[in-house]
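Data block below; observations after.
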Amino acid sequence: MWAWFHKLSSPKYYYEWAGKWLPWLAGITVILMVVGLYWGLVVAPTDYQQGESYRIIYIHVPSAWMSMFVYVVMAVAGFVALVWKTKISEIVVSECAVIGAMFTALALITGMLWGKPTWGTYWTWDARLTSELILLFLYFGVIALYSSIEDKRVAAKAASMLAVVGVVNIPIIHFSVTWWNSLHQPNMDIISENPSMDPSMLWPLLVMATAFKIYFVWLLFIRIRNEIISRERTTNWVRKLIAES
Amino acid sequence: MLSALITIIRRDLLVAFRRRSELVNPILFYVIVITLFPLGVSPDHEFLSKLAPGVVWVAALLAALISMESIFRQDFDDGSVEQLFLSQHPPTLLILGKVIAHWLITGLPMLVIVPLMALLLYIPEQAIPTLFLTVLIGTPILSLIGAIGVALTAGLRGGGVLLGLLVLPLYIPVLIFASAAVSTAIEGLPSSGHLAMLGSGLILALILAPLAISASLKISMN
Amino acid sequence: MRTEEVSVLRAHDLKCVKGSTELFSNIHFQIESGEALVVEGSNGSGKTSLLRILCGFNYPAEGEISWCGKTIDGHEDYQQQISYIGHASGVKLDLTVLENLVFAQRLVGSDRDETEIKDIIRSVGLFKQRNVLTRKLSAGQKRRVALARLQLEERKLWVLDEPLTALDKEFVTDFENVLKKHLEDDGMLVVTTHRELLLPDSLTKKINLSA
Amino acid sequence: MDGKWMFVWGSYGVAFVAMVFSVVFASRRKKKLAREIEESLEE
């Protein structure tokens, strides 16, 4: 097991290994997305309180989950990069930052589009939206730091450090924002997602959430492979690879 | 151990006092930002005192941010950063000393001036002790977190703006708890809960931040 | 502070990469107590990088450095054997010469009284300027403050990056004597320089990064 | 049709565009990189 991890941290091996997975990941993502979309948009019943607009949660909730999940992945990779100095985990940090920022932005946009028909306004300072907004800032910080340092290995280490600091802070930020929110808008939480969802509505959500997760891995693998080629462009194996294709 | 801490604090204070002109800049900035709010929003007595806790603290965040850069800037230029890691004493201890010195230069003047700012913003007298306490507990947290950001961005062009992007989101919990403490004090309610929250934040920052700063400096030295 | 045992600094198969360019690779060397290593090479060949790797500030892309048989990675005592003078000499411009040295020695942990420090200041020819802000000194004089710090710290391994920059000829001779004395006392030295530095041949190893 | 569907289509549209284009851009970057390296090899 340990030996396998060690092998995986070599860029060449990782490149080939991830390459084998790509078609499978693509296939599973597409199938799950199609199933989830059909189920969520057509099969699932209309919500008696919110009407059709509740269907936005099938992308809003998975995006929001992913926005946090990706941050944790990024921070764990950052920690590994700082302690064991493996090249692949450094790349994972910078690529996760971009993908995570996308999911966070999606969660915000879909959240706002859900808010208009539900609350009558695009933006409210509710705890969830505010936390997502701050999370987006944290992602932007990592991306900005990474792109302003020229030496990409140093940049990746700095970004890793920031990701680790961020992940320690996120629970504190989330707690403070929730607390702040309860202070100012005590009645806002009633119309958030129902904790006891009907199974006919819950299943499509779980399918979509899985689809998003697989999609993330797929996109991450593609981006990591690109970054490996870019960084290792002077090595023999990359040259051979390019010459052969 | 303690003597090393005191040595580095004394050294940094001495250096700072040799450049006295730069010493007052952050505090002037702080005062000016606070003055802008009544001008930009409204000088109405009731309205201002409602806005005041937020204004005092947003201004404190910004002032802490712009004063932060000086903590390691010179050390990177003159090669003292390397020497921190070759010392007989643990780098984290010396770094803690540097943060303390920096807080004495930037946070302490804020502490002195904040009751005056409270008068400008019509914060009732009963809330001033709480305000004072939030600044006393809150600004060291700002220094500790800010120093991580500076350690990561030192030696970069345009580091100042970048620093804001990295550090301001991390300042949010301090802003929330500190201004809420002042607000409750204005309403005449006890604010010890909020202050305890800030206090535990300070303890956490004191333990973790020096480690993060030290690791960040090592990365930036590359 | 100095021990009788022989210390060994050993570098094995070092490689350094900056960005996407490789600065050097396949660097091997070993020095023991009382020996010096002179690092040569053209501009941009990675001399400074090598010294910083030796001090543990940077990590080599490949290879390993060991001190007395133990790898320096996570070996904290090792950094406490080093005195380092880089391009920036670690001198605070807003402190006087004397203050700089007093603070430096306290941070290092050695405890000399002020007369000893003054003796060292005299030996680098800055006694008259001891209470002058370092900012007001010339480039060569600033460099001398750093060299005075070297003698004050009493560390075993001296890592010096272009120590002779801006120094005048007479002082270079003095400084060579300081280095020789350091080697005689079983010290070790790693140095880069563009100017000729006279050190006993039998104790000096050379390595050229451009080769 | 319920007016609320507009918001549903809007958010699904945004998500679709973002996610599909992320993959497309990543694949195009790979081709660009390959071309760059090929050119540097020919030199």
Side-chain angles (χ1 to χ4, degrees), chain A residues 22 26 29 33 37 40-41 46-47 50-60 62-63 95 98-99 102-103 105-107 109-118 122 208 211-212 215-216 218-234 238-243 245, chain D:
Chain A
L22 285 183
T29 306
M33 285 277 178
L37 284 176
L41 286 175
T46 309
D47 188 86
Q50 299 175 26
E52 303 297 352
S53 57
Y54 94 94
R55 295 186 197 276
I56 293 174
I57 65 161
Y58 294 128
I59 42 172
H60 170 69
S63 302
E95 301 312 305
V98 178
I99 304 175
M102 179 191 83
F103 279 126
L106 272 184
I109 294 170
T110 54
M112 287 165 78
L113 287 172
W114 179 67
K116 183 67 184 170
T118 318
Y122 285 108
M208 283 304 277
F212 269 59
Y215 167 81
F216 160 65
W218 178 36
L219 182 57
L220 182 65
F221 277 17
I222 299 177
R223 294 190 62 112
I224 292 175
R225 275 162 52 99
N226 285 348
E227 195 57 33
I228 289 177
I229 293 188
S230 169
R231 284 198 194 187
E232 307 266 311
R233 62 176 76 198
T234 50
V238 170
R239 294 186 166 184
K240 223 172 107 189
L241 191 87
I242 301 290
S245 64
Chain D
M1 206 178 198
D2 190 338
K4 288 176 172 176
W5 274 106
M6 207 175 71
F7 293 99
V8 178
W9 293 128
S11 31
Y12 278 79
V14 172
F16 180 81
V17 169
M19 291 169 80
V20 170
F21 272 76
S22 295
V23 173
V24 171
F25 277 130
S27 316
R28 277 182 40 178
R29 168 142 193 259
K30 187 175 175 195
K31 284 191 194 117
K32 221 177 109 197
L33 272 171
R35 214 172 322 123
E36 264 178 42
I37 297 170
E38 216 168 340
E39 276 165 19
S40 70
L41 280 181
E42 282 162 10
E43 275 168 20

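Here is the naming used below: chain letters follow the sequence lines, and residue numbers restart at 1 for every chain.
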Next on the checklist: For a side-chain contact (heavy atoms from CB on, under 4.5 Å) check, start with the C-alpha distance between Thr29(A) and Phe212(A), then their side-chain angles and the critical distance, and finish with the verdict.
Outcome noted: CA-CA 8 Å; Thr29(A) 306; Phe212(A) 269 59; over 6 Å; no
Next on the checklist: Classify the ring geometry of Trp114(A) against His60(A): parallel below 30°, tilted from 30° to 60°, perpendicular beyond 60°.
Outcome noted: parallel
Portion of [X] that has a non-hydrogen atom of chain D nearer than 4.5 angstrom:
X	answer
Ile229(A)	both
Met33(A)	side chain
Leu37(A)	side chain

Checklist entry - Hey, which of Ile59(A), Thr110(A), Ile222(A) has the most heavy atom pairs under 4.5 Å with chain D? => result Ile59(A)
Item to check | Heavy-atom pairs under 4.5 Å with chain D, option from Leu219(A), Val238(A), Leu41(A), Ile99(A) with the top count | outcome: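 When all of Leu219(A), Val238(A), Leu41(A), Ile99(A) are compared, Leu41(A) has the most.
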Next on the checklist: Going by ring-ring contact (aromatic ring centres under 6.0 Å, His included), name the pairs with one or both residues in residues 19-43 of chain D, residues two or more places apart or in two chains.
Outcome noted: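 Those involving residues 19-43 of chain D are Phe21(D)-Phe25(D).
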Next on the checklist: Would you compute the distance between atom CZ of Phe103(A) and atom CE of Met19(D) and round it to the nearest 0.5 angstrom?
Outcome noted: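 Going from the CZ atom of Phe103(A) to the CE atom of Met19(D) covers 5.0 Å.
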Next on the checklist: Per the salt bridge (charged side-chain N to carboxylate O under 4.0 Å, His left out) rule, what does the pair list look like for residues 17-35 of chain D, sequence neighbours excluded?
Outcome noted: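 Sorted result for residues 17-35 of chain D: Glu227(A)-Arg29(D).
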